[in-house]
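Have a look at the structure below, then the notes.
Quick caveat: nothing in here was measured; it's all calculated off a predicted structure.
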Amino acid sequence: MEISIFGLGYVGCVSLGCLAKNGHQVIGVDVHQQKVDLINKGLPTIVEKDIDTIIAEEFKNGKIRATNDAKDAVSNSEISIICVGTPSSKRGNLNLDFIYKVAEQIGTALKNKNTFHSVVIRSTVLPGTNEKVGEIIAEYSGKKRNQDFSVVSNPEFLREGTAVKDYYHPSITVLGGDSEIALEKVAALYKELPAPIEIVDIRVAEVIKYVNNSFHAVKVTFANEVGNISKALGIDSHKVMELFCKDTHLNISPTYFKPGFAYGGSCLPKDLSGMVTLGKDNFINIPMLSHIDASNENQKKIAYDLIAAQKFKKIAFLGLAFKEGTDDLRYSPSVDLAEKLLGKGYSLKIYDKNVHISKLIGSNKSYIDEVLPHLSILITDNLGEAIEHADIVVLNHRNLDLENYLDALSKKKAVIDLVRVKTTEQLPNYIGLNW
Ligand SMILES: NC(=O)c1ccc[n+]([C@@H]2O[C@H](COP(=O)([O-])OP(=O)(O)OC[C@H]3O[C@@H](n4cnc5c(N)ncnc54)[C@H](O)[C@@H]3O)[C@@H](O)[C@H]2O)c1
């Protein structure tokens with residue numbers, strides 16, 4: 001294919017070389033004449049393992065050239081890939097000026113082009129940018145999105161230092177778009193790569209890179225805070241993290257990675273608090289670990305605010321234990337939420353198929369006697385009765401067997417789901433906590 005690449009920095013230069021190596025004819029565009037000249041001499045614009053050889057070979061093969069003329073690049077290609085910088089502004093928010101400038105240039109160049117053009121956003125951009133880029137191109141070209149051109153979001157995941165290797169071995173290729181033709185064309189660019197191509201909603205494609213990099217920052221910070229505490233205790237932090245990574249069931253795995261309600265139970269809050277105490281007792285500053293609890297409390301507030309916003313006071317509260325499949329009520333976030341609602345004058349009917357007042361014993365019973373002393377009046381073992389009572393139904397567990405109650409649920413003022421119960425998602429009055 002004939003491809004133009006806007007921006008010849010780290011991402012653009014690697015894409016230029018690697019796409020040419022995969023057989024495409026590629027034109028690079030940059031506002032810096034020096035970068036254009038380098039490519040036109042068969043030299044890379046960046047220092048990166050293997051890219052010098054690739055650029056030199058593909059230049060020799062006649063597969064790459066560069067220009068500062070956007071019109072030349074657009075009219076001689078069917079796909080334009082945007083790889084310009086998206087730096088932070090002085091105030092810390094993202095500056096998308098370069099992206100919008102390129103959209104104007106592509107739009108202007110498309111004015112006199114009569115074939116369908118696919119525009120790919122490879123730079124890291126905020127959700128909504130794809131749409132705005134489409135509007136700018138339409139305005140400057142006088143052409144119609146998805147009729148004359150299309151915009152596909154295709155975030156880049158490579159890392160400097162291993163950029164060529166990462167280009168050829170991504171974990172996934174993500175594409176977000178609203179034109180089948182353009183999506184197929186862009187997918188074809190990556191067909192040689194040994195990675196699945198995930199076609200997703202445009203905004204999912206736009207946000208994923210921020211999510212990935214935020215998590216990478218969390219990983220580094222987590223390991224550092226564990227290291228700082230471990231060192232203070234004379235423990236080998238690398239051994240600790242080596243063991244940590246060996247648990248691929250609970251630690252390095254998809255477990256717990258589902259947006260939803262707060263965590264609770266008798267272990268997570270207690271042991272996180274123990275870890276934070278270890279830091280404090282040893283005068284170690286651990287900002288991330290010590291703010292996790294505040295974030296968890298905030299999740300309870302978000303759930304409460306969502307319920308309060310409905311302005312109805314009769315609630316069916318389905319699921320009370322800290323997670324399904326247990327009757328353990330200790331430090332259950334659902335108990336906290338129920339307590340807050342009761343304190344604010346809500347009328348609750350609580351149903352939890354594993355919680356039977358007469359069977360609660362030991363610390364479980366003492367905990368609930370202290371936190372929700374009137375539970376015996378509020379709880380029912382009849383799911384239908386709980387739903388019948390309510391204006392608002394709050395779902396705290398997934399294993400609720402609601403199939404026979406969907407009609408009754410649909411007549412409620414709202415069904416508020418804190419855990420994503422798939423069977424209820426299609427209800428007209430359904431509200432998910434954070435999805
Ligand atoms: N560097 C990385 O490791 C990496 C990895 C993944 C994603 N990204 C993202 O990719 C994007 C590009 O990053 P980068 O590190 O390659 O940036 P960079 O600063 O190295 O290169 C950007 C290039 O765009 C050029 N440019 C600016 N305006 C232009 C215009 N109107 N027309 C043509 N060229 C123009 C600049 O001159 C520069 O050469 C950013 O959004 C970044 O967040 C970067």
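- There is no side-chain donor-acceptor pair under 3.5 Å between Ser237 and Ser230.
- The side-chain heavy atoms of Asp293 and Glu297, taken from C-beta on, include a pair separated by under 4.5 Å.
- Side-chain atoms of Phe261 and Asn434, non-hydrogen and from C-beta on, never get closer than 4.5 Å to each other.
- Side-chain contact between Asn154 and Val174 is absent, with no heavy atoms from C-beta onward closer than 4.5 Å.
- Of the N and O atoms on the side chains of His117 and Ser150, not one donor lies less than 3.5 Å from an acceptor on the other residue.
- Sorted by first and then second residue, the ring-ring contact (aromatic ring centres under 6.0 Å, His included) pairs with a member in residues 306-333 read Tyr331-Tyr367; sequence neighbours excluded.
- Between Gly17 and Ile54, the shortest heavy-atom contact is O-CG2, 3.3 Å.
- The number of heavy-atom neighbours closer than 6.0 Å to NE2 of His238, taken from other residues, nucleotides and ligands shown, is 12 or below.
- Side-chain contact, Ser253 with Thr248: no donor N or O sits under 3.5 Å from an acceptor N or O.
- In summary, Asp336 and Lys340 do not engage in a salt bridge, as defined by a charged side-chain N under 4.0 Å from a carboxylate O.
- Contacts classified as ring-ring contact (aromatic ring centres under 6.0 Å, His included) and involving residues 271-297 (residues at least two apart or in different chains) are not found.
- The side-chain heavy atoms of Phe6 and Val74, taken from C-beta on, include a pair separated by under 4.5 Å.
- Contact record, Leu433 with Gly260: CD2-O, 3.3 Å, taken as the closest heavy-atom pair.
- Atom-to-atom distance recorded for Ser179:OG and Gln147:CD is 11.5 Å, nearest 0.5 angstrom.
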Could you go through Arg145 and Asp178, starting from their C-alpha distance and side-chain angles, then the distance that decides it, and tell me whether this counts as salt bridge (charged side-chain N to carboxylate O under 4.0 Å, His left out)? CA-CA 9 Å; Arg145 183 176 178 132; Asp178 51 4; 3.1 Å; yes

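- The minimum heavy-atom distance linking Ser77 with Lys113 is given by the pair O-NZ, 2.9 Å.
- Residue Glu180 places its CD atom among 12 or fewer non-hydrogen atoms of other residues, nucleotides or ligands, all under 6.0 Å distant.
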Name every donor-acceptor pair, under 3.5 Å, that has one atom in a side chain of residues 393-405 and the other anywhere in the protein, sequence neighbours excluded.
unit_1	atom_1	unit_2	atom_2	d
Asn396	ND2	Gly319	O	2.7
His397	NE2	Ala321	O	3.0
Arg398	NE	Val419	O	2.9
Arg398	NH2	Val419	O	3.2
Asp401	OD2	Lys353	NZ	3.3

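- Asp417 places no side-chain N or O within 3.5 Å of a backbone atom of Ile431 that could act as its donor or acceptor partner.
- Applying the 6.0 Å contact sphere to CD1 of Ile361 captures no more than 12 heavy atoms from other residues, nucleotides or ligands.
- Residues Leu193 and Tyr167 share a closest heavy-atom pair of CD1-O, 3.6 Å.
- A salt bridge does not link Glu388 with Lys349: none of the charged nitrogens is closer than 4.0 Å to a carboxylate oxygen.
- Across all their heavy atoms, Lys412 and Asp391 have their closest contact at CB-O, 3.4 Å.
- Side-chain contact between Leu278 and Ile284: absent, with no pair of heavy atoms (C-beta onward) separated by less than 4.5 Å.
- Legend: salt bridge (Lys or Arg N to Asp or Glu O under 4.0 Å) pairs involving residues 311-321, not counting sequence neighbours: none detected.
- Annotation: salt bridge (Lys or Arg N to Asp or Glu O under 4.0 Å) contacts involving residues 205-222, sequence neighbours excluded, are absent.
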Does Asp97 form a salt bridge (charged side-chain N to carboxylate O under 4.0 Å, His left out) with Lys101? I'd like the steps, not just the answer. CA-CA 6 Å; Asp97 290 354; Lys101 185 75 206 158; over 6 Å; no

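- Nearest heavy atom pair, residue Glu156 against residue Ser15, reads OE1-OG, 4.3 Å.
- Partners of His169 by side-chain hydrogen bond (donor to acceptor under 3.5 Å, both in side chains), not counting sequence neighbours: none found.
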Can you list the steps and then say if Lys422 with Glu425 is a salt bridge (charged side-chain N to carboxylate O under 4.0 Å, His left out)? CA-CA 5 Å; Lys422 290 281 176 201; Glu425 267 187 277; 3.5 Å; yes

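- The side-chain heavy atoms of Phe222 and Val226, taken from C-beta on, include a pair separated by under 4.5 Å.
- Here the CG-CG distance, from Asp369 to Leu360, works out to 8.0 Å after rounding to the nearest 0.5 Å.
- The CG atom of Leu342 lies 12.5 Å from the NZ atom of Lys344; values are rounded to the nearest 0.5 Å.
- Surrounding CD of Gln426 are at most 12 heavy atoms belonging to other residues, nucleotides or ligands under 6.0 Å away.
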When the side chains of residues 18-30 are checked against the rest of the protein, which donor-acceptor pairs come out under 3.5 Å, sequence neighbours left out?
unit_1	atom_1	unit_2	atom_2	d
His24	ND1	Met1	N	3.0
Gln25	NE2	Gly62	O	2.6
Asp30	OD1	His32	N	2.9
Asp30	OD2	Leu8	N	2.6

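- Rounded to the nearest 0.5 angstrom, Phe149 CZ and Ser118 OG are separated by 10.5 Å.
- If you check the side chains of Asn364 and Arg330, you find no donor sitting under 3.5 Å from an acceptor.
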Step by step, work out the side-chain contact (heavy atoms from CB on, under 4.5 Å) result for Leu175 and Ile197. CA-CA 7 Å; Leu175 302 181; Ile197 293 177; 3.8 Å; yes

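- In this structure, CD in Gln105 is found 12.0 Å from CG in Leu110, a value given to the nearest 0.5 Å.
- Note on residues 184-197: pairs passing salt bridge (Lys or Arg N to Asp or Glu O under 4.0 Å), not counting sequence neighbours, are Glu78-Lys185.
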Please tabulate, one pair per line, all N/O donor-acceptor pairs under 3.5 Å involving side-chain atoms of residues 372-381, not counting sequence neighbours.
unit_1	atom_1	unit_2	atom_2	d
Thr380	OG1	Asn382	N	2.9
Thr380	OG1	Glu385	OE1	3.4

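- Here CG of Asp166 is found 8.5 Å from OG of Ser171. Values are rounded to the nearest 0.5 Å.
- Under the rule for a side-chain hydrogen bond (donor to acceptor under 3.5 Å, both in side chains), Ser273 has no partner lying at least two apart in sequence or in another chain.
- By the 4.5 Å heavy-atom criterion applied to side chains, Tyr140 and Lys111 are not counted as neighbours.
- Partners of Phe215 under the ring-ring contact (aromatic ring centres under 6.0 Å, His included) rule, at least two apart in sequence or in another chain, are Phe257.
- Counting only residues at least two apart or in different chains, salt bridge (Lys or Arg N to Asp or Glu O under 4.0 Å) contacts with residues 260-281 are absent.
- Two residues are said to be in side-chain contact when any heavy atoms from C-beta on lie closer than 4.5 Å; Ser266 and Asp328 meet this criterion.
- The environment of CZ in Phe116 is crowded: more than 12 heavy-atom neighbours from other residues, nucleotides or ligands sit within 6.0 Å.
- With respect to Glu135 and Lys132, no salt bridge is recorded, no charged nitrogen being found less than 4.0 Å from a carboxylate O.
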